[in-house]
Visitor: 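Let me give you the structure first, and then I'll get to my questions.
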4 protein chains.
Amino acid sequence: MSLRERKAAKKKEDILRSASLVISRKGYHNATMEDIAAELLMTKGSLYYYFKNKEELLYRCHDLILSEAMKKMEEILSQEISSAKKMEMAIKFHLEVAIREKEIFNLIVKPEQIFSKEHLGEIVEKRAEYAEVFDRIIDEGVSKGEFSIEQKKMARMIILGATNWVQVWHSPEGEYSNEKIEEIYAAYLLKMLV
Amino acid sequence: MSLRERKAAKKKEDILRSASLVISRKGYHNATMEDIAAELLMTKGSLYYYFKNKEELLYRCHDLILSEAMKKMEEILSQEISSAKKMEMAIKFHLEVAIREKEIFNLIVKPEQIFSKEHLGEIVEKRAEYAEVFDRIIDEGVSKGEFSIEQKKMARMIILGATNWVQVWHSPEGEYSNEKIEEIYAAYLLKMLV
Amino acid sequence: MSLRERKAAKKKEDILRSASLVISRKGYHNATMEDIAAELLMTKGSLYYYFKNKEELLYRCHDLILSEAMKKMEEILSQEISSAKKMEMAIKFHLEVAIREKEIFNLIVKPEQIFSKEHLGEIVEKRAEYAEVFDRIIDEGVSKGEFSIEQKKMARMIILGATNWVQVWHSPEGEYSNEKIEEIYAAYLLKMLV
Amino acid sequence: MSLRERKAAKKKEDILRSASLVISRKGYHNATMEDIAAELLMTKGSLYYYFKNKEELLYRCHDLILSEAMKKMEEILSQEISSAKKMEMAIKFHLEVAIREKEIFNLIVKPEQIFSKEHLGEIVEKRAEYAEVFDRIIDEGVSKGEFSIEQKKMARMIILGATNWVQVWHSPEGEYSNEKIEEIYAAYLLKMLV
DNA sequence: GATGAATGAGACTTCATTCAT
DNA sequence: AATGAATGAAGTCTCATTCAT
């Protein structure tokens with residue numbers, strides 16, 4: 001990759017980070033292209049040099065975050081540790097991401113209200129892949145006898161629902177540190193599984 | 001209340017039900033006043049006879065649903081049954097509402113992105129009140145020795161997060177009936193509490 | 001049709017006439033929705049109450065003019081007169097329309113540069129129908145021995161091309177009156193046919 | 001002219017040919033500077049090294065085509081042949097150009113919708129000069145007794161209108177070859193003149 | 001009470017043009 | 001000479017809201 005290309009790639013990522021921030025703060029519909037551009041001291045026209053339109057921009061935000069998260073999850077999956085430990089790590093990491101990327105994770109809630117057909121399929125698929133990580137840990141735990149769960153899908157839904165929800169109430173000024181929250185969530189949700 | 005007033009009140013409620021429906025289907029931002037009016041075979045102008053503006057309309061939707069739910073919750077609270085049974089009933093009922101009123105419950109997720117200051121305070125307060133129901137059941141259960149939970153707030157967050165999340169993935173054509181889902185959720189979440 | 005509906009229909013037609021005017025003056029691409037609205041002392045938003053979008057507006061302009069013209073042409077066709085007389089009348093009338101509705105007729109020149117697939121088919125079809133009027137007169141004239149033309153299609157193309165072109169150079173302040181122009185065109189083009 | 005200058009001149013002409021092509025295909029308003037540059041594997045910024053702006057670029061396109069055509073027409077004019085033969089050649093050649101340079105010829109239709117005052121005068125003048133070629137042939141033919149036409153201007157308008165119009169319906173896949181079309185047009189239009 | 005019509009603010013998007021490198 | 005990047009003006013369209021009837 002040439003210097004130029006690397007610069008452009010960097011810029012694209014900068015935009016994505018900024019956009020994530022603004023969208024998280026205001027919500028997708030309330031975040032205008034102008035807002036996003038202003039955050040970067042750009043003009044909205046410039047955004048269109050890098051991204052086809054607002055949806056595309058959002059799609060890339062989502063993709064970036066999800067891809068990074070997925071990589072980490074796979075690393076967790078491949079470690080030689082107990083299923084319980086894996087689940088603990090997965091829950092903690094998922095909480096981290098959910099807290100950091102509030103809206104981006106949240107807006108995936110109803111992708112069909114935001115994304116056109118062009119992206120919808122891929123998004124749903126990637127999300128499913130991500131969710132599967134939890135399925136696999138549960139499966140593994142059950143087969144190893146660590147977990148005693150019959151309704152694996154539902155257990156996964158409960159875990160993801162509970163953890164995704166933190167974005168709703170979480171505030172940096174809250175009583176608990178992020179680590180503490182992660183600790184408690186992991187402990188309680190594991191209690192449900194064993 | 002005069003006949004006229006009762007008629008108007010009835011109409012208002014009709015509008016609220018319709019609005020809830022449309023908003024649940026399309027999301028707040030995608031549901032136009034026209035959409036809502038169309039559902040009732042009205043024109044959008046008429047809506048303004050009953051409600052000051054879109055926000056007001058939404059606010060009343062939210063209020064209606066929450067008030068009804070609250071009434072039911074208080075009834076549950078006041079029964080002479082074990083805390084576990086209460087929690088089971090509360091979870092099941094909350095799931096019912098969440099499934100039925102998808103978006104309305106969901107949009108409360110980030111009220112500050114939708115509501116102006118005028119309503120925000122009251123909304124936050126009412127939601128807190130509702131959430132407190134779960135706190136009270138947990139408290140009661142702990143003091144009666146039915147539950148063994150140290151982090152009561154977090155436990156409540158997990159329960160509400162998990163249950164609110166059903167709207168995201170629930171589909172009427174899904175594999176499980178609503179009753180089955182409620183059953184499993186209650187069982188698993190209780191397992192976490194005891 | 002109720003009074004309301006008639007009023008609305010009238011308004012729609014007013015808009016179409018105004019739009020035709022503005023578009024004729026400035027050309028389709030240079031005529032903004034604001035321009036068109038201003039001509040009617042409206043705001044651009046209002047136009048969208050009557051027409052879905054700019055293309056739709058243009059499509060209706062075109063349709064209105066062509067339908068009216070077609071009606072007249074059919075009347076000419078059905079008269080009991082010589083083919084030469086028919087052609088004379090058709091040419092004169094076509095010139096009248098072309099002069100009056102400059103741009104609208106002209107923009108049909110390359111419909112595919114303006115219209116989406118939705119309308120393109122119908123437009124092409126209607127235009128073909130209109131052009132066919134001339135074919136039928138020529139056919140009739142040839143079979144009656146009034147015209148001596150082998151390449152009927154080409155003759156029609158020449159006639160339509162020549163007459164459509166008047167919009168390009170015609171000016172109300174020109175040396176010749178419209179009637180005079182029509183007279184000459186009809187005479188010369190008939191000379192070509194006989 | 002230095003090598004550098006000749007190189008630049010060549011490049012300018014390349015750009016003009018490409019621009020003509022793209023504009024012919026898409027129409028002036030739909031052809032973006034980017035489209036034109038892409039055809040040449042350039043970037044749009046570079047176009048501005050050679051031409052002040054889009055209008056200038058178009059103006060030069062027009063000028064190039066018209067100048068070349070004019071040269072050929074003068075050659076025709078100066079030959080020692082009958083006026084009918086001259087007219088035949090002029091019509092055929094004009095058709096050739098019109099078919100080849102579709103849009104460029106067509107967009108001249110309403111120069112005032114595209115060109116600023118700076119260029120408008122010159123354009124109108126050059127076009128008049130070109131049109132005059134036909135006037136001169138007609139004049140000559142009339143004075144030599146080959147043509148019997150009273151309204152010379154109108155006859156010229158008919159000829160130019162008819163021939164310019166071919167761009168509207170002409171398609172490379174059409175039934176008739178270009179030569180055949182030219183043959184027929186020339187024959188029929190001459191029939192009108194004699 | 002209801003509605004058809006109108007409004008205007010604001011959003012997204014396009015694109016000719018500029019300019020530093 | 002060329003280009004990648006940025007800009008800003010302008011245009012289309014949406015929609016909550018208002019209001020006369």
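Just so it is clear, the structure is predicted and the values come from calculations on it, not from any experiment. Naming: A, B, ... by sequence-line order, numbering from 1 per chain.
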Visitor: Round to a whole Å and report the spacing from CD of Glu55(A) to P of dA11(E).
Guide: 19 Å
Visitor: Between Ala8(D) and Lys44(A), who's closer to the 5' end of DNA chain F by nearest nucleotide?
Guide: Ala8(D)
Visitor: State which residue, out of Lys12(D), Lys10(D), Arg17(D), fulfils the salt bridge (charged side-chain N to carboxylate O under 4.0 Å, His left out) condition with Asp14(D).
Guide: Lys10(D)
Visitor: Using a cut-off of less than 4.0 Å, is there contact between a side-chain N or O of Tyr50(B) and OP1 or OP2 of dA2(E)?
Guide: yes
Visitor: Check for a donor-acceptor pair, side chain of Gln113(C) on one end and backbone N or O of Asn30(D) on the other, with a separation under 3.5 Å.
Guide: no
Visitor: Stem finding on DNA chain E, please: runs of three or more consecutive Watson-Crick or G-U wobble pairs, both distances under 3.5 Å, sorted by first number.
Guide: E:2-21 with F:2-21
Visitor: In chain order, what residues pass the ring-ring contact (aromatic ring centres under 6.0 Å, His included) check against Tyr59(D), with sequence neighbours excluded?
Guide: His119(D)
Visitor: For the backbone of Thr32(B) and the side chain of Lys44(B), can you confirm whether one donor and one acceptor N or O come within less than 3.5 Å of each other?
Guide: no
Visitor: Without decimals, in angstroms, what is the distance between Leu41(B) CG and dA2(E) P?
Guide: 13 Å
Visitor: For Lys54(C) and dT14(E), give me the distance from atom NZ to atom C1', rounded to whole Å.
Guide: 13 Å
Visitor: State whether the number of non-hydrogen atoms from other residues, nucleotides or ligands found under 6.0 Å of Glu34(C) atom CD is greater than 12.
Guide: no
Visitor: Would you mind reading off the distance between Arg6(C) atom CZ and dG4(E) atom P, rounded to a whole angstrom?
Guide: 16 Å
Visitor: Please report, rounded to the nearest Å, how far the P atom of dG8(E) is from the CE atom of Met33(C).
Guide: 16 Å
Visitor: Nearest-nucleotide wise, let me know which of Lys52(B) and Lys7(A) is further upstream toward the 5' end of DNA chain F.
Guide: Lys7(A)
Visitor: Can you tell me if Ser46(C) touches the phosphate of dT7(E), counting only side-chain N or O atoms and a distance under 4.0 Å to OP1 or OP2?
Guide: yes
Visitor: Mapping Ala31(D) and Lys11(B) onto DNA chain E by nearest heavy atom, which one lands closer to the 5' end?
Guide: Lys11(B)
Visitor: Could you tell me which non-hydrogen atom of Thr43(D) sits nearest to which non-hydrogen atom of Ala37(D), and how far apart they are?
Guide: C-CB, 3.6 Å
Visitor: Can you tell me the distance, in whole Å, between the CD atom of Glu34(A) and the C1' atom of dA9(E)?
Guide: 13 Å
Visitor: Roughly how far, to the nearest 0.5 Å, is the CD1 atom of Ile23(B) from the OG atom of Ser18(B)?
Guide: 10.5 Å
Visitor: Which atom names give the shortest non-hydrogen contact between Ser67(A) and Lys126(A), and what distance separates them?
Guide: OG-NZ, 3.8 Å
Visitor: Between dG8(E) atom P and Leu47(C) atom CG, what is the distance in whole Å?
Guide: 13 Å
Visitor: Taking Glu55(C) for its side chain and Ser116(C) for its backbone only, find out whether a donor-acceptor pair lies under 3.5 Å.
Guide: yes
Visitor: Just the rounded figure in Å: distance from P of dT7(E) to OH of Tyr49(C).
Guide: 13 Å
Visitor: Reading DNA chain E from 5' onward, which residue's closest nucleotide shows up sooner: Gly45(C) or Arg4(C)?
Guide: Arg4(C)
Visitor: Along DNA chain F, 5' to 3', what are the outermost nucleotides having an atom less than 4.0 Å from a heavy atom of chain C?
Guide: dG11(F) to dT14(F)
